[in-house]
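Remarks on the structure that follows.
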2 protein chains.
Amino acid sequence: MAERAAKSPTIYDVARAAGVASSTVSRAFARPGRVNAETAEHIRKVAAELGYRANPLARALPTGRTSMISLVIADVTNPFYNEIVRGAQAAALEAGYTTLLTDAQESGAREREALERALTMVDGIVLATSRMSDSAIRMIAKQRPVVVMNRAVTDVPSVVTDNPRGVRRAVEHLGELGHDRITYLAGPEASWADGTRWRALREATHELELHAHRLGPYEPTVAGGAAAAADLMRHPTSAVLAYNDLMAIGLIRALTAAGVRVPDDVSVVGFDNIFAAELVTPALTTVAAPLHAMGQAAVRNLLALTRGARPTTQAPVVLPSQLVVRGSTGHRRRNRTSPASGTTKVSGPALMAATSTVAGSR
Amino acid sequence: MAERAAKSPTIYDVARAAGVASSTVSRAFARPGRVNAETAEHIRKVAAELGYRANPLARALPTGRTSMISLVIADVTNPFYNEIVRGAQAAALEAGYTTLLTDAQESGAREREALERALTMVDGIVLATSRMSDSAIRMIAKQRPVVVMNRAVTDVPSVVTDNPRGVRRAVEHLGELGHDRITYLAGPEASWADGTRWRALREATHELELHAHRLGPYEPTVAGGAAAAADLMRHPTSAVLAYNDLMAIGLIRALTAAGVRVPDDVSVVGFDNIFAAELVTPALTTVAAPLHAMGQAAVRNLLALTRGARPTTQAPVVLPSQLVVRGSTGHRRRNRTSPASGTTKVSGPALMAATSTVAGSR
DNA sequence: TTGAAAGCGCTAACAT
DNA sequence: ATGTTAGCGCTTTCAA
């Protein structure tokens with residue numbers, strides 16, 4: 001093992017070497033305007049020679065600002081968060097902030113606990129798909145600025161996707177393909193998005209004179225989707241809207257294994273457009289969320305809050321969702337063995353045009 | 001917006017309320033043995049009533065220990081790291097450490113830069129698949145304990161998977177299926193694993209009297225794998241070993257799109273056994289790394305180092321890899337259109353038994 | 001066993 | 001524009 005270096009130079013070492021007071025060194029770095037240009041230059045040079053790097057912890061003590069933010073996600077293992085994390089990281093980095101990533105492991109209790117530890121070290125918190133109660137979140141928000149994602153909590157700024165619009169698109173799409181009954185595969189009960197999607201489905205089907213059914217809740221995973229297959233076969237419909245892509249994928253696999261063909265026998269639509277959605281066979285039709293943009297927006301808003309900004313509105317920031325039509329949806333068939341009624345081949349590009357790119361909701 | 005809480009209580013508030021000196025409060029928390037049991041109890045009670053939580057930053061200043069470690073990964077977007085991250089988080093959490101996740105975005109420069117920022121705030125660093133040079137890594141290791149993953153760096157402790165053994169298993173598997181020429185699809189040149197795998201492939205093919213070819217390097221992504229398809233069709237072999245699953249998946253998709261059937265025309269083996277590997281069609285045969293265990297082992301070793309442990313050996317910790325046989329590999333056919341020579345149907349379970357579960361290498 | 005006091009490295013008044 | 005001097009909240013000798 002290489003030996004640890006002696007000790008990194010402090011602000012005092014630099015001050016001594018440069019022949020100035022430590023406060024001047026401090027200013028030279030934090031408030032360059034408040035110091036003579038030449039002196040500042042000299043100090044920088046000396047500091048560089050000594051290899052001086054300000055200790056962010058020591059800086060945090062008097063200022064109370066750590067330049068760290070906490071990003072809490074429900075499950076690191078869920079690919080849904082990959083792009084969100086990257087978007088958030090990018091926004092944090094560009095503002096000179098460091099991100100503390102916390103995995104709540106789908107447990108509100110663990111989330112609380114982890115937050116408890118991180119709370120004092122961060123300037124703000126992004127809760128991506130929190131499993132905590134609204135009141136617990138509000139409690140946290142009293143101590144540090146908080147932005148929640150995929151959820152609306154009174155008095156807490158949030159960033160969400162336009163679920164109603166996304167569901168509406170999906171329903172229209174399925175309706176055009178001749179499906180008149182749509183089953184919703186529910187996700188975690190603690191999930192705000194789940195409630196929103198189910199409500200949106202009821203509204204959309206009602207308006208379009210279709211019927212909505214509900215199965216679940218299931219785990220928001222491939223296994224959860226597979227578990228739903230049995231239930232679906234007991235209460236079959238020709239179209240399914242799953243809480244997320246993972247469940248949709250699990251459902252399709254279990255269905256296929258049981259001899260039910262997708263999309264010939266049942267059309268399946270997912271949510272999120274995760275990485276694997278276009279890799280599976282059939283590729284998944286899904287309501288895409290702008291994952292990267294959401295992570296970015298959440299962090300940017302959070303940083304604005306830490307700088308003292310007050311939200312101009314109680315309304316969540318709504319980012320547009322988009323229907324991505326792939327192979328898991330197709331025309332409804334009267335029965336499993338007969339050929340398709342009407343046009344068999346669905347023109348992908350034409351349907352893609354039905355895609356929504358709009359925002360704005362309550 | 002809810003208003004921020006006034007200010008969290010300090011150690012002095014607790015001391016005053018409990019009628020003891022602040023140093024006693026400090027001891028009561030950090031060194032319970034060094035204080036009268038009753039006093040300690042009393043202090044705890046008072047602290048709890050006040051809602052006192054020690055400020056980790058203030059604590060870090062005099063002690064020099066932050067209870068934070070840094071985990072640097074090459075690409076947050078790459079599902080390969082999901083389980084590693086979770087394993088690392090779990091190990092850190094159980095030891096009372098907080099994890100700082102950093103995304104290097106496949107760039108050695110960005111990695112250096114991010115590390116520069118985090119260096120002073122952490123007690124140690126895990127470099128998962130670093131893209132930095134050996135000397136840069138050694139530089140970092142001079143300042144803080146470092147453990148590298150998937151890589152061997154002189155004088156720096158490391159955790160790796162048994163690549164030679166994994167490659168050997170894959171080659172044996174392909175050999176048994178009748179393939180005698182295997183193409184390796186190379187990944188990033190800065191990747192240690194890439195070099196190791198290619199070397200292992202040469203050795204294994206040599207011993208088994210087969211032939212190894214090499215194509216690339218390509219990006220270690222689905223797009224990279226797709227790009228390799230054209231090259232492969234110019235220099236065709238009946239079997240391919242890809243640098244990772246992402247590339248393998250990309251290759252299969254591009255091949256399939258071009259009318260080349262997998263595994264009928266070409267068998268493909270990947271590396272890593274990422275989440276999507278069993279979701280794609282055909283499901284991917286791949287050399288599985290114990291991702292979770294690796295993350296855990298890396299962090300545990302790192303924490304041992306921070307506690308002053310000195311590595312007992314220069315050799316990397318080697319974790320076993322395993323061949324997972326799925327649908328992307330099959331018997332070699334003499335030509336594309338003729339029926340298989342010999343048994344057509346490959347018995348999945350029988351092949352699964354060929355799976356390796358052993359460790360140990362140099 | 002407990003208290004008093006001196007820092008850890010940096011910032012932020014307050015002086016000059 | 002720069003220097004002086006308190007702290008930030010906690011730990012850690014050193015005394016008592």
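Just so we're on the same page: letters track the sequence lines, and every chain starts at 1.
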Closest to side chain of A:Pro62, choosing from D:dG9, D:dG3, D:dG7: D:dG7

Sugar-phosphate, base or nothing in reach of B:Arg65, heavy atoms under 4.0 Å: nothing

Between D:dC10 (C1') and A:Asn55 (CG): distance, integer Å: 14 Å

Touch class at under 4.0 angstrom, heavy-atom based, for A:Val20 against every strand present: sugar-phosphate

Contact nearer the 5' end of DNA chain D, comparing A:Asn36 with A:Ser22: A:Asn36

Separation of atom CG in A:Leu61 from atom P in C:dC10, rounded to whole Å: 12 Å

Donor-acceptor pair under 3.5 Å, B:Arg53 side chain vs D:dG9 base: no

Residue A:Ala21, side-chain heavy atoms: nucleotide from C:dT2, D:dT4, C:dG9 that is nearest: D:dT4

pair B:Thr98-A:Thr102: side-chain heavy atoms closer than 4.5 Å: no

Side chain of A:Thr24 (C-beta onward), nearest among C:dC10, D:dC10, D:dT2: D:dT2

OP1 or OP2 of D:dT12 under 4.0 Å from side-chain N/O of B:Arg31: yes

Close side-chain approach of A:Pro316 and A:Val160, heavy atoms under 4.5 Å: yes

Along DNA chain C (nearest heavy atom to each residue), the more 5'-positioned of B:Thr63 and B:Gly33: B:Gly33

Residues B:Arg151 and B:Asp134 bridged, charged N to O under 4.0 Å: yes

Nucleotide nearest B:Tyr52 when distance is taken to its side chain, options C:dG3, C:dC10, D:dC10: D:dC10

B:Ile43 CD1 to D:dC10 C1', straight-line distance once rounded to whole Å: 14 Å

Value in whole Å for how far the P atom of C:dA12 lies from CZ of A:Phe29: 15 Å

Heavy-atom donor-acceptor pair, A:Ser23 side-chain to D:dT4 base, under 3.5 Å: yes

Pairwise 5' ranking along DNA chain C for B:Val35 and A:Thr10, keeping only the more 5' one: B:Val35

Sugar-phosphate only, base, or nothing, as touched by B:Ala54 at under 4.0 Å among non-hydrogen atoms: sugar-phosphate

cation_pi(A:Arg117, B:Tyr97) dist<6.0 Å, angle<=45: no

Short side-chain to backbone donor-acceptor contact, B:Arg53 and A:Thr120, under 3.5 Å: no

D:dG9 OP1/OP2 closer than 4.0 Å to side-chain N/O of B:Arg59: no

Presence of B:Ser26 side-chain N/O under 4.0 Å of D:dT11 phosphate oxygens OP1/OP2: yes

Distance in angstrom units between A:Leu57 CG and C:dG7 P, rounded: 21 Å

Rounded distance (Å) that lies between atom P of C:dT2 and atom NE2 of B:His42: 12 Å

Nucleotide nearest A:Ala58 (side chain, heavy atoms from C-beta), chosen from C:dG9, D:dC10, C:dC14: C:dG9

Length of the CZ-C1' vector between B:Arg34 and C:dT2, whole Å: 13 Å

Whole angstrom value for the distance that separates C1' of D:dG3 from OH of A:Tyr12: 13 Å

Check: A:Met121 main-chain N/O paired with A:Thr66 side-chain donor or acceptor under 3.5 Å: yes

